[in-house]
Visitor: 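Attaching a single structure in structure tokens format; questions to follow.
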Amino acid sequence: VQLQASGGGLVQAGGSLRLSCAASGRTFSNYVMGWFRQAPGKEREFVAAISWSGGYTFSADSVKGRFTISRDNTKNTVYLQMNSLKSEDTAVYYCAASSRSRILGPTSTTGWGYDYWGQGTQVTVSS
């Protein structure tokens, strides 16, 4: 499956952005989808994941209550709505797809739990 992330940009602290990740190539609804991010000089970290149906989601503590992951299987797209952005949210954001399971599990929060990755989209939050 091919993943194309978009929607990043420059935003002031407290603002909002919505990232999108369009998938093509295989049946989108077979995959758990996730978002990760990597800030300069830091390791990649998990942000959020969503089950195949969208019925179950899980987010990192650092973004809970501010970020929401969702998906539209009719459009083969997963979204990350980011509100109340902080300077520490500045990073390149990557979407990823996991073929290992259609439901969330222990590997859903780890990079090695995903088989396919998008190219990343830059999010910069100015304070």
Side-chain angles (χ1 to χ4, degrees):
V1 62
Q2 291 78 44
L3 303 174
Q4 180 72 38
S6 62
L10 174 64
V11 63
Q12 288 188 333
S16 298
L17 281 175
R18 188 176 81 155
L19 305 183
S20 299
C21 176
S24 61
R26 293 196 178 182
T27 305
F28 179 70
S29 60
N30 285 342
Y31 297 89
V32 162
M33 298 298 296
W35 285 97
F36 290 77
R37 67 186 181 185
Q38 187 166 20
K42 295 187 178 181
E43 294 186 352
R44 182 178 59 194
E45 65 171 349
F46 168 78
V47 175
I50 188 166
S51 64
W52 71 276
S53 66
Y56 295 93
T57 64
F58 184 77
S59 301
D61 288 344
S62 59
V63 305
K64 276 181 182 174
R66 300 189 299 121
F67 291 12
T68 302
I69 188 171
S70 62
R71 67 191 295 164
D72 185 340
N73 287 345
T74 66
K75 297 182 178 179
N76 289 355
T77 302
V78 62
Y79 305 98
L80 185 68
Q81 178 67 44
M82 305 185 295
N83 299 328
S84 302
L85 283 160
K86 306 175 181 179
S87 57
E88 51 263 43
D89 295 319
T90 295
V92 177
Y93 283 72
Y94 299 90
C95 59
S98 173
S99 63
R100 302 173 190 222
S101 176
R102 300 175 79 192
I103 61 175
L104 299 181
T107 62
S108 300
T109 63
T110 64
W112 54 265
Y114 292 80
D115 309 288
Y116 307 97
W117 293 82
Q119 86 289 0
T121 184
Q122 176 71 48
V123 172
T124 303
V125 183
S126 63
S127 57

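Quantities reported herein were computed from a predicted structural model and do not represent experimental measurements.
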Visitor: So which atom in Ser127 and which in Ala13 form the shortest heavy-atom distance, rounded to 0.1 Å?
Guide: CA-CB, 4.2 Å

Visitor: In Å and rounded to the nearest 0.5 Å, what is the CG to CE distance from Leu80 to Met33?
Guide: 11.5 Å

Visitor: With a 4.5 Å heavy-atom cut-off, do Val123 and Arg37 have their side chains touching?
Guide: no

Visitor: Taking side chain as C-beta onward, heavy atoms only, is Ser6 less than 4.5 Å from Thr121?
Guide: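 The answer is no; the side chains never approach within 4.5 Å.
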
Visitor: Using the side chain to side chain contact (heavy atoms under 4.5 Å, CB included) definition, which of the options Val32, Leu19, Ile50 pairs with Val78?
Guide: Ile50

Visitor: Which heavy atom of Lys64 sits nearest a heavy atom of Phe58, and at what distance?
Guide: NZ-CE1, 4.3 Å

Visitor: Restricting to non-hydrogen atoms, name the atom on Gln119 and the atom on Leu3 that form the minimum distance, rounded to 0.1 Å.
Guide: OE1-O, 3.8 Å

Visitor: To the closest 0.5 Å, what do you measure between OG1 (Thr109) and CG (Leu104)?
Guide: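 Between Thr109 OG1 and Leu104 CG, I get 9.5 Å after rounding to 0.5 Å.
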
Visitor: To the nearest 0.5 Å, what is the distance between OG on Ser20 and CD on Gln4?
Guide: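 Reported to 0.5 Å precision, the distance equals 11.0 Å.
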
Visitor: Do Val63 and Leu17 belong together in a cluster built from hydrophobic side chains that touch within less than 4.5 Å?
Guide: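 Yes; Leu17 is reachable from Val63 via cluster members.
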
Visitor: How close do Val125 and Gln12 get, counting heavy atoms only, and between which atoms?
Guide: CG1-C, 4.0 Å

Visitor: Roughly how far apart are Ser101 OG and Asn30 CG, rounded to 0.5 Å?
Guide: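 Rounded to the nearest 0.5 Å, the OG-CG separation comes out at 10.5 Å.
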
Visitor: When rounded to the nearest 0.5 angstrom, what distance separates CZ in Arg18 from OG in Ser16?
Guide: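 Interatomic distance, Arg18 CZ to Ser16 OG, rounded to 0.5 Å: 12.0 Å.
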
Visitor: Given Cys95 and Trp35, is the side-chain contact (heavy atoms from CB on, under 4.5 Å) satisfied, shown in steps?
Guide: CA-CA 5 Å; Cys95 59; Trp35 285 97; 3.8 Å; yes

Visitor: If we ignore hydrogens and angles and just use 3.5 Å, is the side chain of Asn73 paired with the main-chain N or O of Trp52 as donor and acceptor?
Guide: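 Pair found, side chain donor or acceptor close to backbone of Trp52.
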
Visitor: Check Tyr94, Tyr93, Tyr114 against Phe36 for a ring-ring contact (aromatic ring centres under 6.0 Å, His included) and give me the one that passes.
Guide: Tyr114

Visitor: Evaluate the side-chain proximity of Phe28 to Val1: yes if any heavy-atom separation is below 4.5 Å, no if none is.
Guide: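 With C-beta onward as the side chain, the pair stays apart.
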
Visitor: Mind listing the closest non-hydrogen atom pair of Arg71 and Ser29 along with its distance?
Guide: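 Nearest pair, atom of Arg71 first, then Ser29: NH2-CA, 4.0 Å.
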
Visitor: side-chain contact (heavy atoms from CB on, under 4.5 Å) between Met82 and Val47: does it pass, once the steps are laid out?
Guide: CA-CA 11 Å; Met82 305 185 295; Val47 175; over 6 Å; no

Visitor: What pair of heavy atoms forms the shortest contact from Arg100 to Asp115, and how long is it?
Guide: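 That would be NE-OD1, 3.7 Å.
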
Visitor: If you count the non-hydrogen atoms of other residues, nucleotides and ligands that lie under 6.0 Å from CG in Leu10, is the total more than 12?
Guide: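 Check passes, neighbour count above 12.
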
Visitor: Using the rule that Ile, Leu, Val, Met, Phe, Trp and Tyr join whenever any side-chain heavy atoms are under 4.5 Å apart, tell me whether Val92 and Phe46 fall into a single cluster.
Guide: yes

Visitor: Can you find a heavy atom in the side chain of Leu85 that is under 4.5 Å from one in the side chain of Phe67?
Guide: yes

Visitor: Are Tyr116 and Ile69 grouped together when hydrophobic residues (ILVMFWY) are joined by side-chain heavy atoms under 4.5 angstrom apart?
Guide: yes

